[in-house]
Structure formats: C-alpha cells, structure tokens
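First the structure, in the form of structure tokens, and then the observations on it.
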Amino acid sequence: MMEPSHELTSMRLADSIDKHPDYHFPPYITLAHMFNAPKDWAILNREMTQFCLQYVVDGVAHYPVGDRHYETRRGDLLFHRPHERHSIMTVPGEPYVCISIVFHFGDSMFPYDDLLLNKHLLGNFIDHPVDSMLSQLVQHYRQPGLLHQMQCQILLLQILREAAQWGESHMAVHAADDHAMPKLVVIKNYLHEHYEQTVQIRDLEQVSGLSKNYILSLFRKHVGMSPMQYLTWIRINKAREMAIQSNLSISQIAERVGYSDVHSFCRMYKKKTGQSISQFCSGLIYASHVQTSTIGREGLGALSATVLDHGAP
C-alpha cells in the first residue's frame, strides 16, 4: 500500500522517492485524486515543493498564483511550479470539483518553461482527450503495482505533451482560415445545442454553408478531432455534469445525451474515457467520503504548505 498521499506531497523529494516502491524513474507522482470541495472551502497562501496540475471538472474557483490571478472554470487546466505561492478560493453558491496531480522529477531537470511557455493556465480542455487522460490517471493511481504506476507516468507525460501542443496551436495564426473561424464557432455551438439529437455532417454543412471536406479539415486543424468525435466528447462531459449535479440514473443520463440504448452509451463512455460511468460516479463518492473533516477558510493557515488527501486538492 502506498504511503498516504498528503504525506508524500509534503516530503523532501528524495524521501518521497523512497516511499514509492513501484516508481523506478521519473516522473514521480505523489498525488492524483478527484476532489469535491465542501461549502466555503479554501486554501490560502500555500507553497509546495513539487509541480501541480489542477483541472476543473465542474464549477469555478479563484486561483491566484504569485501576482497573477486566474478565475478557473470547467475544463481549465492550471499548472504551478515548486515554491510558487498560490491560493484556491471557491465561489459562494458554485460547486468546485477538481482533479489534482502532484508530481516531481527527482534530481532530473524538467524543461517546463520551454515546454509550457512560462504559463500557468495551460488551456481549456472541455471536449478534449486530456479530460479523459486525467480521469484515467486518477483511476490507475488508486491501483497498486508497477503496471498501474507506469500507466500513470505515461498518462502524465501525454497530458503535458497535449497541453504544450494546445498552447502552440492556439498561438499560431492560420491566416488562410480566418474567414472560416466564425463558421467553426457556429458549428461548435450547433453541436453543443443539439447534442441530445442525432446529428449528421449534412446538418453541419447546412448551418455553416461549408462543404463536408472543409468542415473536416477545419476541425482537424483547430480542434484536433472530427466534428463527430467532438460531439462524442460533448456528450461525455454533459453526462458527467448530470452525474455530478443530479440524481438521474445512468439510463436517464444516456437518454438525455442522445442514446436510446444505455448499453451503447456505456460502451462508448468506457471506450473513450477508459473507465465506466459507474466508476466515475464512484470516484465522486470516494472523493466526498475521504473528506473526513470539512476545512473552512479560518483554519487553513497551518495547512498552507501541505496537500491533504482528505481535505484539500
């Protein structure tokens, strides 16, 4: 059984490596979990000795890092470096569900600024494979054994690569496509508004006035997937929203995201995310259950340098 994660995240790097029997090379992951913040939860002025990725599954939180302030919302992936002072503050009346990944590279150098362009906010990954990779990483992290730990490392490196590519692609200006970008927005909005219906490429041609081949080319270049793949990720994320925010059954969720057959929906969800919708829901229950104490704003000063697996991401 692995050392409790909140202890690993606050240890000296060399000491944390000794506590990882299944990690033989970097990156060393010391925390990977989903956290459902209780009412009025916050962390103030924390510094960590390791890198941290914080992904918003649902809701909103204010997330100042140093002298920069970020308002993070669903799909935002934020990165901060060792010893960067930061706070996380929930918003009254808003949920905050996040995935936290804490890791380091031991004595090895990690060229994070070259890779991630000195950014904290790496991008928004709603309807992107990174969303699924993060959930899979959490699932594998809970499992003991070398193969699961290696899969965690592979997923983490893939996430960092995808985030870097996202940054590069959004910095690049494709002048030849500038005139078509408003049409791309129209198509994406149409998919978001009709995800519960049967959508075909000809529907997208009709609403945009673009040809099938040009639509496919635009999506591959600017979204990184086809329109139908994008629609699938919309449905996956809508299903997650319903799982978090409602008491609907899986069959009811399937129907509301456009699947008349719950078995087809479950097969699709597991194929795309690497876990079943039931496992995702159990992860939320696990995250809530692990919060054995509710930590409010007043009592966080003594915890500012520690990540608690039972009370903080």
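As the structure is a computational prediction, the values presented were derived from the model and not from experiment.
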Of all the heavy-atom pairs spanning [X] and [Y], show the shortest one and how long it is.
| X | Y | result |
| --- | --- | --- |
| Phe105 | Pro27 | CE2-CB, 3.7 Å |
| Gln54 | Ser100 | OE1-OG, 2.8 Å |
| Phe265 | Val257 | CE1-CG2, 3.8 Å |
| Arg46 | Tyr63 | NH2-OH, 4.4 Å |
| Val262 | Ile250 | CG2-CG2, 3.9 Å |
| Val199 | Met228 | O-SD, 3.7 Å |

Hey, mind stepping through Tyr96 and Val60 against side-chain contact (heavy atoms from CB on, under 4.5 Å) and telling me if it holds?
CA-CA 6 Å; Tyr96 183 59; Val60 58; over 6 Å; no
Could you check Ile101, Leu122, Leu77 and say which one makes a side chain to side chain contact (heavy atoms under 4.5 Å, CB included) with Ile159?
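That would be Leu77; it is the only one of Ile101, Leu122, Leu77 passing the side chain to side chain contact (heavy atoms under 4.5 Å, CB included) with Ile159.
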Does a sphere of radius 6.0 Å around [atom1] in [X] hold more than 12 heavy atoms from other residues, nucleotides or ligands, not counting ones at 6.0 Å or beyond?
| X | atom1 | result |
| --- | --- | --- |
| Arg68 | CZ | no |
| Glu196 | CD | yes |
| Leu147 | CG | no |

Counting C-beta onward and ignoring hydrogens, is there a side-chain heavy-atom pair between [X] and [Y] closer than 4.5 Å?
| X | Y | result |
| --- | --- | --- |
| Leu137 | Met133 | no |
| Ile99 | His33 | no |
| His128 | Glu162 | yes |
| Ile201 | Pro227 | yes |
| Leu160 | Leu53 | yes |
| Ser208 | Ile215 | yes |
| Ile236 | Met268 | yes |
| Leu210 | Leu218 | yes |

Is the backbone N or O of [Y] less than 3.5 Å from a side-chain atom of [X], with the two atoms forming a donor-acceptor pair by type?
| X | Y | result |
| --- | --- | --- |
| Gln153 | Phe25 | yes |
| Asn124 | Arg74 | yes |
| Ser132 | Lys272 | yes |
| Asn237 | Ile234 | no |
| Ser217 | Asn213 | no |
| Thr90 | Ala61 | no |
| Asp114 | Leu116 | no |

Side chains of Gln229 and Thr232: donor-acceptor distance under 3.5 Å anywhere?
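Their side chains do not contain a donor-acceptor pair, so the 3.5 Å distance test is not met.
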Side chains of Ser251 and Glu255: is there a donor and an acceptor less than 3.5 Å apart?
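No, because no side-chain N or O of Ser251 sits under 3.5 Å from a partner of the opposite role on Glu255.
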Is the gap between the ring centers of Tyr55 and Phe125 under 6.0 Å?
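Distance test on ring centres: not under 6.0 Å, no.
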Aromatic ring proximity Phe35/Trp41, centre distance under 6.0 Å:
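Yes - the distance between ring centres of Phe35 and Trp41 falls below the 6.0 Å cut-off.
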Exactly one of His140, Gln143, Arg142 should register a side-chain hydrogen bond (donor to acceptor under 3.5 Å, both in side chains) with His148. Which one does?
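Exactly one candidate clears the test, His140.
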Who are the salt bridge (Lys or Arg N to Asp or Glu O under 4.0 Å) partners of [X], not counting sequence neighbours?
| X | result |
| --- | --- |
| Arg256 | none |
| Glu94 | none |
| Arg81 | Glu84, Asp113 |

side-chain contact (heavy atoms from CB on, under 4.5 Å) evaluation trace for Leu115 with Phe110:
CA-CA 9 Å; Leu115 182 69; Phe110 173 50; 4.0 Å; yes
Aromatic ring pairing [X]/[Y], orientation class (parallel under 30°, perpendicular over 60°, tilted between):
| X | Y | result |
| --- | --- | --- |
| Phe51 | Phe79 | parallel |
| Tyr70 | His120 | perpendicular |
| His194 | Tyr190 | parallel |

What's the verdict on side chain to side chain donor-acceptor pair (under 3.5 Å) for Gln50 and Thr30, showing C-alpha distance, side-chain angles and the deciding distance?
CA-CA 9 Å; Gln50 303 175 32; Thr30 57; 2.7 Å; yes
Passes side-chain contact (heavy atoms from CB on, under 4.5 Å), His104 versus Thr49? Steps please.
CA-CA 9 Å; His104 66 89; Thr49 59; over 6 Å; no
All ring-ring contact (aromatic ring centres under 6.0 Å, His included) counterparts of His69, not counting sequence neighbours
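Partners of His69 by the ring-ring contact (aromatic ring centres under 6.0 Å, His included) criterion, ordered by chain and then number, come out as His62.
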With sequence neighbours excluded, what pairs up with Tyr230 under the ring-ring contact (aromatic ring centres under 6.0 Å, His included) test?
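Listed in chain order: His192, Phe219.
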With sequence neighbours excluded, residues passing side chain to side chain contact (heavy atoms under 4.5 Å, CB included) with Ser260
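Per chain and number, Ser260 pairs via side chain to side chain contact (heavy atoms under 4.5 Å, CB included) with no residue.
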Let me see the working for Arg73 and Val56 under side-chain contact (heavy atoms from CB on, under 4.5 Å), right down to the final yes or no.
CA-CA 6 Å; Arg73 294 183 174 273; Val56 184; 5.6 Å; no
